[in-house]
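Here's the structure, in structure tokens; my notes come after.
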Amino acid sequence: MTDLWWKSAVVYQIYPRSFADADGDGMGDLRGVIDHLDHLAGLGVDVIWLSPVYPSPQDDNGYDISDYQNIDPLFGDLAVFDDLLKGAHARGLKVVMDLVVNHSSDEHPWFIESRSSATSAKRDWYWWRPARTGMAPGTPGAEPTNWGSAFGGSAWEFDEATGEYYLHLFSRKQPDLNWENPAVREAVYSMMRWWLDRGVDGFRMDVINMISKAVRPDGSLPDGRMPTGAAFADGSASYINGPRIHEFLHEMYDRVFAGREALLTVGEMPGVTVDEAKLFTDPARHEVDMVFQFDHVWADRGSDPWRLIPLRLSNLKAILGRWQAGLADVGWNSLYWNNHDQPRAVSRYGDDSPAHRVASAKMLGTVLHLHRGTPYVYQGEELGMTNFPFRSIADFRDIEALGQYRQAIEHEGRSPEEVLTVLRARGRDNARTPMQWDASPQAGFTTGTPWLAVNPNYTEINAAAQYDDPDSVYHYYRQLIALRHAEPAVVDGDFTMLLPDDDRLYAFTRRLGPTELLVIGNFTGSTVQAPIPDAVSWTGAELVLSNLPAPATELSLAPWQAVIYRRVIE
Ligand code: NOJ
């Protein structure tokens, strides 16, 4: 693909079960998405990324797929999907599907056949392994490796019928596909071509840097490192950026994407390094267009998973600055604060109190969208939606929160309150509460009972109220997106971080030819005078956008203020 159209694009992520419910069953659906396409067109985004809508037992909200070539009846059917595609394309919006092929559901016919006997033709489509040598199959500690799964418990599930274990890096209902087997790869590629032929415009690839496992020549997998106090080991060294990952992605490109135009591919890659990302996203290598890295959303995590570490702005800047510099010449960044796995950014890195919510949501948007890379907006972010006031574990629905809670309390000696404190701040259900459309009951999301409670602040924070308010977060995001489309320096300008050690201000410049942009975001609730080197040279520069009235004195930023200045250097 030589056409790098996505450099100037903004992507909007829809988590369909929480977006809009058209049939009143409490669950969002594709008709609901169709009904709200004008919300997206009005915002001015270019691409929709649709979280999974395939048939699924919904163990992990659709990231456990039992049929890759259909639509779950919860969401509609293929005819409605085609309508959505038509409606989106008619508005100039592309549609990118979620591709979940590190694992399938255990209810996928491939796995059912694989599980049916040790000699089944599809046995080798998944990771079946015998018990640890010398141990009785099915007894504690006999698992083939000591790896834990992401959602708590062992990463191996014992199957009584055949006496072997299968690998699941996520839930036991998400068995890992064996990418070593060429037939698995071909089945995946053929399914992907089928969606592209139907008209979809690309894929967001779920945990795609986990598909290659470091399997030894004798077929065994190595044990992982055991963190102190943990019930299971971290096996990630054996499956993050594994030995054949570049080969597999390059092969996928050749079999699926080569010769097709105007697509977008983005690989979700926990633990990816800048150097690896450069390889993944170098257009000449034909792998993926961009990756989602995690360093900046792990900036408030320490080695103890059940302790909250307050954000140090200088640390966040060091991380994102490293990614900007690393992919400056080769490759491309994706930019995000939010998605369906992260808490709401305004509650996490901003200030969601009534005094500062709107300003800090806009400030975060400004800083993110003015970086070099493709920005992603997660549903509700454009409204400044906040974390949910969870009271107890009973309020959570997410398999990750429930699984980790159980493991921490039952096996790792943690107290319910210490675990809940972290889940309230970071739990994925914060992002999954229903989209707040208006001030009517259930925020206009459903006429029924929503699958997850609506945030009680919907009467104040909702789309309808923001359409009519020119100072709303929605209209500010619209301006940020329009700026990217209008100002080439936002897309292609060089990035230079300023004030790297300052823990109050996030400041940088973007430079393209004679045009230079200065971006500053105040990450505090106090007024701060920006000590920009050569500040006087910005005197008289054009203030392109700010979330608050123009600074009274030069570069003096009000609480949570963001400013974008532009000058043209003769
Ligand atoms: C990453 C997805 O974003 C997350 O929601 C899911 O639970 C895991 N991958 C497993 O598919």
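These figures come from a predicted structure and were not determined experimentally. Whatever order the structure lists ligands and atoms in, that order sets their numbers, starting from 1.
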Quiz item: Are there more than 12 heavy atoms of other residues, nucleotides or ligands under 6.0 Å from atom CZ of Arg322?
Solution: yes

Quiz item: Quick one: does ligand 1 sit under 4.0 Å from the side chain of His340, the backbone, both or neither, non-hydrogen atoms only?
Solution: side chain

Exercise. Report, in ascending order of atom number, the atoms of ligand 1 lying under 4.0 Å from any heavy atom of Arg432.
Key: 5 (O)

Exercise. Nearest 0.5 Å please: distance from the OH atom of Tyr63 over to the CG atom of Asn102.
Key: 13.0 Å

Quiz item: What residue and atom, counting heavy atoms only, is the protein's closest point to atom 9 (N) of ligand 1, and at what distance?
Solution: Asp206 OD1, 2.9 Å

Quiz item: Could a heavy atom of Met205 be found less than 4.0 Å from some atom of ligand 1?
Solution: no

Quiz item: Taking only heavy atoms of His103, which atoms of ligand 1 are found under 4.0 Å from at least one of them?
Solution: 10 (C), 11 (O)

Practice problem: Determine whether the side chain, the backbone, both or neither of Arg204 has a heavy atom under 4.0 Å from any heavy atom of ligand 1. | Solution: side chain

Quiz item: Counting each atom of ligand 1 from 1 as listed, which ones have a heavy atom of Phe151 under 4.0 Å away?
Solution: 7 (O)

Exercise. In plain terms, say whether Glu287 and Arg285 are close enough for a salt bridge, that is, a side-chain N and a carboxylate O under 4.0 Å apart.
Key: yes

Practice problem: Starting from atom 7 (O) of ligand 1, find the nearest protein heavy-atom neighbour and note its residue, name and distance. | Solution: Asp60 OD2, 2.5 Å

Self-check item: Pair Asp300 + Arg348: basic N to acidic O under 4.0 Å
Solution: yes

Exercise. Kindly say whether Pro222 contributes a backbone atom to a donor-acceptor pair with the side chain of Thr145 at under 3.5 angstrom?
Key: no

Quiz item: Against heavy atoms of Arg428, which atoms of ligand 1 measure under 4.0 Å?
Solution: 4 (C), 5 (O), 6 (C), 7 (O)

Self-check item: Donor-acceptor under 3.5 Å (Glu412 side chain, Arg414 main chain)
Solution: no

Quiz item: Does a salt bridge link Asp82 with Arg198, judged by any charged N lying under 4.0 Å from a carboxylate O?
Solution: yes

Quiz item: In terms of residue, atom name and distance, what is the protein heavy atom nearest to atom 5 (O) of ligand 1?
Solution: Asp341 OD1, 2.7 Å

